[in-house]
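The structure under discussion appears below in the form of structure tokens.
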Amino acid sequence: MIIQNKQLLWVYLLLSIGFYAGFIRFLGTLMGFGGAQGDFEGAAAGNLVNQLVALSLLLMSLFFLLKSARLNIRQFLSQGWIWIALIGFFSLSLMWSATPFVSFRRIVGFSTLVLVCFVLANTFTAKSLFNVISNAIVAAVIFGFMYQVLSGQQIAFGLGDRDAGLRGIFQDKNAAARVYAYGLILFVGLQKYRTKTDIVGLSILVFALTVSQSASAIILATMGCGLVILFRIFRSNNKHYNFRRLMLVFILLAVATVIVSILYEYLLSLLGRDANLTDRTIIWELILPYIEDKPIFGYGFGSFWASGYVADFVERWGFIGNAHSGYLEAMLNGGVIGFALLVTLLVVFIKYALKNYVNGENKYDCAELVLAMCAAQAVINYIGFIVLNHNSFDMFIFSVAFFVAASALKKNTLRHDTYRP
């Protein structure tokens with residue numbers, strides 16, 4: 001049996017975006033079920049509705065992988081070997097996990113996300129896939145804004161009132177703000193500013209960021225959009241020119257990094273933040289002793305914040321759910337080994353993205369967008385839990401971009417044998 005039904009693929013695409021962009025969780029919350037609380041018990045209990053939808057996506061992904069003419073297991077092994085290494089290690093961590101059942105659920109969720117992103121990136125063209133995702137983000141802003149206004153919640157411009165941030169359909173302010181930032185990066189990367197409809201969508205995303213009350217999201221959007229524009233300006237059709245120009249870009253970025261480091265505290269003050277990054281540095285200091293207790297293997301994937309190890313921390317400091325740094329969270333999840341695998345994943349991603357960028361211009365590979373997204377997320381992962389956050393939108397957009405880069409590198413182009421939703 002060979003799948004040729006585009007309607008089935010459309011259902012799969014919309015279900016995937018609906019799940020990872022938070023629409024399904026939001027609808028479940030409105031109907032009074034499926035909303036896990038953001039506390040110790042909620043972290044351990046999970047979310048039944050999300051688990052059922054994730055299971056459906058997993059089964060559909062396996063079905064496509066086995067039955068689609070465009071996909072095969074060898075292709076997945078070739079593109080996703082580093083993901084398989086990560087999943088394998090985290091599966092082994094069940095043997096020492098502080099909460100094995102929680103780890104098992106999150107490993108299944110993480111594996112599902114990886115398979116979903118592989119299927120999407122190898123079924124649809126990069127440009128059309130990113131276009132659907134960017135439109136979904138605009139829709140999330142509209143629904144979220146309407147919900148917050150109708151429910152009487154306060155919304156304020158600027159960065160002074162963190163409780164008045166536009167959470168919209170999302171549970172966490174910073175996570176919501178990053179989604180808006182990704183939408184803005186996608187719009188700029190896809191050059192969606194040429195029609196009236198695009199301008200309206202772009203304006204909505206800018207508005208969402210201005211009322212997000214999130215300095216980190218504003219930094220993410222500025223960095224991502226700036227990199228997209230910079231990479232686009234310096235890219236040509238000649239790979240030799242691209243390589244030399246890329247070296248110039250790296251020099252410019254190195255100079256910019258030095259300038260930012262010198263003006264670090266001043267720039268933070270402009271954003272209404274101080275040098276402790278909204279208490280993040282304090283959180284990191286408090287987390288380090290836990291990491292030092294289990295430095296090699298960690299506490300198991302997604303286990304620490306749902307285990308008894310965190311009880312003293314919660315009693316004294318409250319429940320925060322993650323270390324507010326993807327790199328420290330990797331240490332909690334998998335120790336030094338987990339951290340090394342995370343770094344390897346980023347290196348492989350950057351390698352794929354750079355090769356696609358240098359090899360020449362192709363309007364279907366979105367090379368500038370993918371490279372900018374990879375670089376921006378790698379940086380923001382330092383101050384937020386972005387990479388390896390098992391079923392978050394951050395991880396969804398990261399994984400889609402990874403497999404877009406891997407697929408483009410293997411095929412040289414996504415023009416053939418792919419759908420355009």
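Positions are given from 1 along the sequence. Atoms considered below: every heavy atom in the structure, side chains included; atoms not considered: hydrogens, waters and symmetry mates.
The side chain to side chain donor-acceptor pair (under 3.5 Å) search around Arg194 returns Gln191, not counting sequence neighbours. Here Ser103 pairs with Ser97 under the side chain to side chain donor-acceptor pair (under 3.5 Å) rule; sequence neighbours left out. A search for side chain to side chain donor-acceptor pair (under 3.5 Å) contacts involving Lys294 returns nothing, not counting sequence neighbours. Under the ring-ring contact (aromatic ring centres under 6.0 Å, His included) criterion, Tyr12 pairs with Phe64, not counting sequence neighbours.
Between Ala140 and Ile169, the shortest heavy-atom distance links the atoms CB-CD1, 3.8 Å. Nearest heavy-atom pair, Asn122 versus Arg70, reported as atom, atom and distance to 0.1 Å: O-CB, 4.2 Å. Closest approach of Arg235 to Ala367, counting heavy atoms only: NH1-CB, 3.4 Å. Shown here for Val138 and Gly201, the closest heavy-atom pair between the two residues is CG2-O, 4.0 Å. In terms of heavy-atom proximity, Phe301 sits nearest to Ser93 at N-OG, 3.4 Å. Between Ala372 and Leu227, the shortest heavy-atom contact is CB-CB, 3.7 Å.
To the nearest 0.5 Å, atom CG of residue Leu369 and atom SG of residue Cys225 are 9.5 Å apart. Atom-to-atom distance recorded for Asp394:CG and Leu388:CG is 11.5 Å, nearest 0.5 angstrom. Note that the CD1 atom of Ile296 and the CZ atom of Phe339 stand 13.5 Å from one another [nearest 0.5 Å]. To the nearest 0.5 angstrom, Ile397 atom CD1 is 9.0 Å from Ile185 atom CD1. Taken to the nearest 0.5 Å, the CG atom of Leu202 stands 10.5 Å off from the OG atom of Ser134. Here Asp172 contributes atom CG and Arg167 contributes atom CZ; the two are 7.0 Å apart, rounded to the nearest 0.5 Å.
Counting heavy-atom neighbours within 6.0 Å of Met247 CE, excluding the residue itself, gives a total above 12. Taking a 6.0 Å sphere around CZ of Phe143, one finds it holds 12 or fewer heavy atoms contributed by other residues, nucleotides or ligands. Other residues, nucleotides and ligands contribute over 12 non-hydrogen atoms within 6.0 Å of the CZ atom of Phe207. Shown here is Phe234, whose CZ atom has more than 12 heavy atoms of other residues, nucleotides or ligands within 6.0 Å. More than 12 heavy atoms of other residues, nucleotides or ligands sit less than 6.0 Å from atom CG of Leu248.
The aromatic ring centroids of Tyr327 and Trp284 lie 6.0 Å or more from each other. Under the 6.0 Å cut-off for aromatic ring centres, Phe118 and Trp83 do not qualify, their centroids lying 6.0 Å or more apart. Aromatic pair Tyr299/Tyr309: centroids less than 6.0 angstrom apart.
Counting heavy atoms from C-beta on, the side chains of Phe398 and Ile386 never come closer than 4.5 Å. Contact of the Asn333 side chain with the Leu342 side chain is not registered, since no non-hydrogen atoms from C-beta on lie closer than 4.5 Å. Side chains of Met395 and Phe110 form a contact here, defined as non-hydrogen atoms less than 4.5 Å apart. Within the 4.5 Å cutoff, the side chain of Met60 has no heavy atoms near those of the Val119 side chain. At least one side-chain heavy atom of Phe393 sits under 4.5 Å from a side-chain heavy atom of Ile133. Within the 4.5 Å cutoff, no side-chain heavy atoms of Leu71 are placed close to those of Phe76. At a threshold of 4.5 Å between non-hydrogen side-chain atoms, the residues Leu341 and Phe90 do not count as touching. Side-chain contact between Phe145 and Val211 is absent, with no heavy atoms from C-beta onward closer than 4.5 Å.
Checking side-chain atoms of Arg280 against main-chain N and O of Ile383 turns up a donor-acceptor pair under 3.5 Å. Side-chain atoms of Tyr147 never come within 3.5 Å of backbone atoms of Phe26 as a donor-acceptor pair (strictly under, hydrogens ignored). In this structure, Glu368 contributes its side chain and Val228 its backbone to no donor-acceptor pair below 3.5 Å. In this structure, the side chain of Ser214 engages the main chain of Ala217 through a donor-acceptor pair within 3.5 Å. Using modelled atom types, no side-chain atom of Tyr182 and backbone atom of Ile137 make a donor-acceptor pair closer than 3.5 Å. Using modelled atom types, no side-chain atom of Asn131 and backbone atom of Lys127 make a donor-acceptor pair closer than 3.5 Å. The closest donor-acceptor contact from the side chain of Asn356 to the backbone of Ala405 lies under 3.5 Å. Ser78 places no side-chain N or O within donor-acceptor distance of the main-chain N or O of Gln75, the cut-off being under 3.5 Å. Of the possible polar contacts, none joining the Thr222 side chain to the Ile219 backbone as a donor-acceptor pair under 3.5 Å is found. Using modelled atom types, one side-chain atom of Asn381 and one backbone atom of Val387 make a donor-acceptor pair closer than 3.5 Å.
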- Task: Would you sort out whether Ile24 and Leu15 count as a side-chain contact (heavy atoms from CB on, under 4.5 Å), showing the intermediate values?
- Result: CA-CA 9 Å; Ile24 291 174; Leu15 183 63; 3.8 Å; yes
- Please assess Ser307 against Thr99 for the test side-chain contact (heavy atoms from CB on, under 4.5 Å), listing each intermediate value before the final yes or no. CA-CA 6 Å; Ser307 72; Thr99 53; 3.7 Å; yes
- Item | Working for side-chain contact (heavy atoms from CB on, under 4.5 Å), residues Phe297 and Met95 | CA-CA 11 Å; Phe297 298 107; Met95 295 187 295; over 6 Å; no
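Note on residues 195-208: pairs passing side chain to side chain donor-acceptor pair (under 3.5 Å), not counting sequence neighbours, are Thr195-Asp198.
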Going by atom type alone, with no hydrogens or angles, which donor-acceptor pairs under 3.5 Å involve a side-chain atom of residues 343-352 and a protein atom two or more places apart or on another chain?
unit_1, atom_1, unit_2, atom_2, d
Thr344, OG1, Ala340, O, 2.8

